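The shown structure was predicted, so the numbers you read here are calculated from the model rather than taken from an experiment. Chain A is the first sequence line, chain B the second, and so forth, proteins listed ahead of strands; every chain is numbered from 1. Worth knowing before you read on, the calculation uses all heavy atoms, side chains too, and leaves out hydrogens, waters and symmetry mates.
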There are 2 protein chains.
Amino acid sequence: MINVAVMGYGTVGSGVVEVLRTNGELINERAQDVINVKYVLDLRDFPGDPVEEILTHDFETIVNDAEVDIVVETMGGIEPAYTFVKRCLEAGKNVATSNKALVAKHGAELLEIARDRSINFMFEASVGGGIPIIRALNSSLTADRIDEVTGILNGTTNYMLTKMFFESADYDEVLKEAQEKGYAERNPEADVEGHDACRKIAILTSLIAGQHVDFETIHTEGITKITTEDMKYAKTMDMAIKLLASSKREGESFSAIVAPMLLSKNHPLCNVNDVFNAIFVRGNMLGDAMFYGSGAGKLPTASAVVADVVDAAKHLHRTVVTRWESNTLELVPNADAKRRFFVRIHGEESVLKSRVDEVFGQVEFVKADDVEGEFAVITGEMTEAEYAQKAEEMPEVVKMIRMAD
Amino acid sequence: MINVAVMGYGTVGSGVVEVLRTNGELINERAQDVINVKYVLDLRDFPGDPVEEILTHDFETIVNDAEVDIVVETMGGIEPAYTFVKRCLEAGKNVATSNKALVAKHGAELLEIARDRSINFMFEASVGGGIPIIRALNSSLTADRIDEVTGILNGTTNYMLTKMFFESADYDEVLKEAQEKGYAERNPEADVEGHDACRKIAILTSLIAGQHVDFETIHTEGITKITTEDMKYAKTMDMAIKLLASSKREGESFSAIVAPMLLSKNHPLCNVNDVFNAIFVRGNMLGDAMFYGSGAGKLPTASAVVADVVDAAKHLHRTVVTRWESNTLELVPNADAKRRFFVRIHGEESVLKSRVDEVFGQVEFVKADDVEGEFAVITGEMTEAEYAQKAEEMPEVVKMIRMAD
């Protein structure tokens, strides 16, 4: 029998208990042992809930119980999660977590502690909810040098952008609706400003680089400035606007960004709508691949946590290889990243054309049917710094959205 | 050092050598050992090729060399692949294969031999080329009961159907083009008649059922009867026609089929075009997920084989859990499978409406703009047997295509 303690009986934690109860027989068969939830840790009481009998308020009970083999951390946030997870690992217990903030910040250190003790620190659920992207990068795509990972990693903003695109609804309207449906929090900042996606792409970049990526160094923009006019242009161009979190290999380093981008219909991420997430991966042998699924939600996320529990059960005293060293990788500065830019310009195309040509060089002009008093251009490839300089010379620029290739 | 022998130096086999050479350093790091190709087995000679020095024509050299830890089988076909693979496993050597015919027919037996010797028989490349679907089902989605697997598992036919849809080209024309581009063989039967997809869905069904599925019991239709008229209807309905290979859980068994089906724009498989493959998976906790990528091609397929080599290297004397027992699962007969049917009917809707209503019950009428002398209906849900009986009562029926849900 393998004893599990679940720390945090919120949405994901209660989902973990539910998944283990619903699919217990199948899960035991796959783990080749009986998975038993011995403790649930939470500050609250749950009178009448089946976990009442195994509920504890005291972390020490768990960390000091030599019978506990695997600890699930679904509390969220940095503290006390970090302290608890670290102490569990130091006590020789395998840990599975869904906590992206914890993994993005302390992943390298926690993996090292686990490696030193021949145990495991696993975090499949921290990125992409139920989508098995972490295990794919760690254990499946092992023959490839991964050159790009680009994801739609936040379901809330993808739901909002989908609504704005298909229903021509404006930002405030869809935010309100997302909040009413429970897809967005009352304080939606972590989602709409891109912070959530930023932590997730930091984790994925760390894994493909094999070195630690500091999420605070990733240029991050949210979707708060996207308007119905932007969506009209996107439709005209037969493209979509998606909040992308992207890392691309540049020599020995990576260029990483989180920002809304224009994506052509041929890109596999373009048709990923509503609350779904997806991760596009490009390998130097594999070519292009994509992983799609529910990026959040109680049961999909819990399913990923339990898959980690099964994997940990199969490798109780044997570390599964995860390349993520603690030295910090210096990302390519965003100013040096090369791309094309979609630029909306106030005024008449006929009047401004020669100045646009002079400032931006060769561009493609775009006119959206029902957007008046302006036009737009798509520039050729240039660095972010070059773009910024050019845009300063052109005060008529009202909006820039990056083009994904 | 871990010694590998590659049996079969054709497209995939030479790809395996190329992947190991190109990404050797990274692969060794992940395998935590040096992967060395000690032998390449082929009946042919390759003068001037770097493998010349390690080339052997004699299988006995490989099977009798105690230093060979992992054997890669990329010969294809049942014999001599089956005999060679079996003897290698019996000699205690791990085997990785890309051979779908071999796996579909003898997978259960070969897995059992491997299990008995605490070694591995791996076959990631046998389904979906570079898409890591086997490892996802075996090692990632371990918390779920998988209720459905539906795939676009054949790149040749997907390329052809994509061309027929977007370019209104007819079947013979696109087949010729596919042959010229090397996407289709001179004898295209295995692809266009669905035999290739059938073996692949048999493998996937065996894995999710945990029991052996005989591919010969899966109802299989190809794309040879799909016409430009069918595509016109699909466009009218804002749907696509895809060759789907699908298995759905029905109580304790599965209902499996390979056939061209109409798929709505909202289905994640609908936008999978050209030679790409994708596999849609529905889990009882996970919900819907999809895996997308290159289903064939030298390097993507070789990438999957080498990922197996890395996994085998990490588990040289420890069997990775694969649920696929040798008892044969009796599939739900296709006659009992329930679905909706798209039916093209010769004649005037106004004249035939009352008879159609009488025969098929409640239906949805469809008229394609530029298809003359006929109309179509979409039936309600009924079994295949019920549909067949009704269609007999209506000699005006010219074509039936199944609806995917």
Side-chain angles (χ1 to χ4, degrees), chain A residues 15-16 18-20 22-23 26-27 29-32 124 129-132 135-136 138-145 210 265-266 268 270-273 276 278 280-281 283-294 297 299-300 302-311 314 318 320-321 323, chain B residues 15-16 18-20 22-23 26-27 29-32 124 129-132 135-136 138-145 210 265-266 268 270-273 276 278 280-281 283-294 297 299-300 302-311 314 318 320-321 323:
Chain A
V16 168
E18 185 176 337
V19 169
L20 285 168
T22 311
N23 289 343
L26 202 56
I27 288 165
E29 195 188 319
R30 284 160 179 167
Q32 300 187 294
E124 181 62 75
I131 307 169
R135 203 161 272 107
N138 264 348
S139 309
S140 293
L141 308 181
T142 49
D144 275 72
R145 187 191 69 214
K265 274 273 180 271
N266 298 324
C270 187
N271 299 302
V272 174
N273 289 321
F276 282 96
F280 170 86
V281 176
N284 71 332
M285 296 291 127
L286 174 72
D288 295 352
M290 186 181 73
F291 302 79
Y292 166 99
S294 296
L299 293 179
S303 157
V305 175
V306 174
D308 274 351
V309 170
V310 171
D311 205 11
K314 291 194 285 186
R318 186 181 150 126
V320 174
V321 182
R323 296 173 65 247
Chain B
V16 167
E18 184 175 338
V19 169
L20 285 167
T22 311
N23 288 343
L26 202 55
I27 289 165
E29 196 189 320
R30 283 160 179 166
Q32 299 187 292
E124 181 61 76
I131 306 170
R135 203 160 272 110
N138 264 347
S139 308
S140 292
L141 306 180
T142 49
D144 274 71
R145 187 190 70 214
K265 274 274 179 269
N266 298 323
C270 186
N271 299 302
V272 175
N273 290 321
F276 282 97
F280 170 86
V281 176
N284 71 333
M285 296 291 127
L286 174 72
D288 295 351
M290 186 181 74
F291 302 78
Y292 166 99
S294 296
L299 293 179
S303 157
V305 174
V306 174
D308 275 351
V309 170
V310 171
D311 206 10
K314 291 193 285 186
R318 188 182 150 127
V320 174
V321 182
R323 295 175 63 250

Given that the side chain runs from C-beta out, which part of A:Leu20 has a heavy atom under 4.5 Å from chain B: side chain, backbone, both or neither? neither

Counting C-beta onward and ignoring hydrogens, is there a side-chain heavy-atom pair between A:Pro132 and A:Glu124 closer than 4.5 Å? yes

A:Val281 versus A:Leu141: any side-chain heavy-atom pair under 4.5 Å? yes

May I ask you to name which of [options] has the most heavy-atom pairs under 4.5 Å with chain A?
| options | value |
| --- | --- |
| B:Phe276, B:Phe291, B:Phe280 | B:Phe291 |
| B:Cys270, B:Pro300, B:Ser139 | B:Pro300 |
| B:Asp308, B:Leu286, B:Ile27 | B:Leu286 |
| B:Pro268, B:Gly283, B:Gly287, B:Ala302 | B:Pro268 |
| B:Val306, B:Val309, B:Asp288, B:Asp144 | B:Asp144 |

Quick check on [X] against chain A: is it the side chain, the backbone, both or neither that has a heavy atom closer than 4.5 Å?
| X | result |
| --- | --- |
| B:Asp311 | neither |
| B:Lys265 | neither |
| B:Arg323 | side chain |

Of all of [options], which one pairs up most often with chain B through heavy atoms under 4.5 Å apart?
| options | value |
| --- | --- |
| A:Ile131, A:Thr22, A:Val272, A:Asn284 | A:Asn284 |
| A:Ala289, A:Gly293, A:Gly297, A:Ala143 | A:Ala143 |
| A:Ala304, A:Ser140, A:Gly130 | A:Ser140 |

Closest heavy-atom contact between B:Leu26 and A:Arg145? CD2-CA, 3.5 Å

Looking at A:Thr142 and A:Asn138, what are the two nearest heavy atoms and their distance? CG2-O, 3.4 Å

Which residues pass the side chain to side chain contact (heavy atoms under 4.5 Å, CB included) test with A:Gln32, sequence neighbours left out? B:Val321

Could you list the residues that satisfy side chain to side chain contact (heavy atoms under 4.5 Å, CB included) with B:Asn273, not counting sequence neighbours? B:Thr162, B:Phe166, B:Lys242

Would you give the length of the straight line joining atom CG of A:Asn271 to atom CE of A:Met290, rounded to the nearest 0.5 angstrom? 8.0 Å

Rounded at 0.5 Å granularity, tell me how far CD in B:Glu18 sits from CE in A:Met285. 6.0 Å

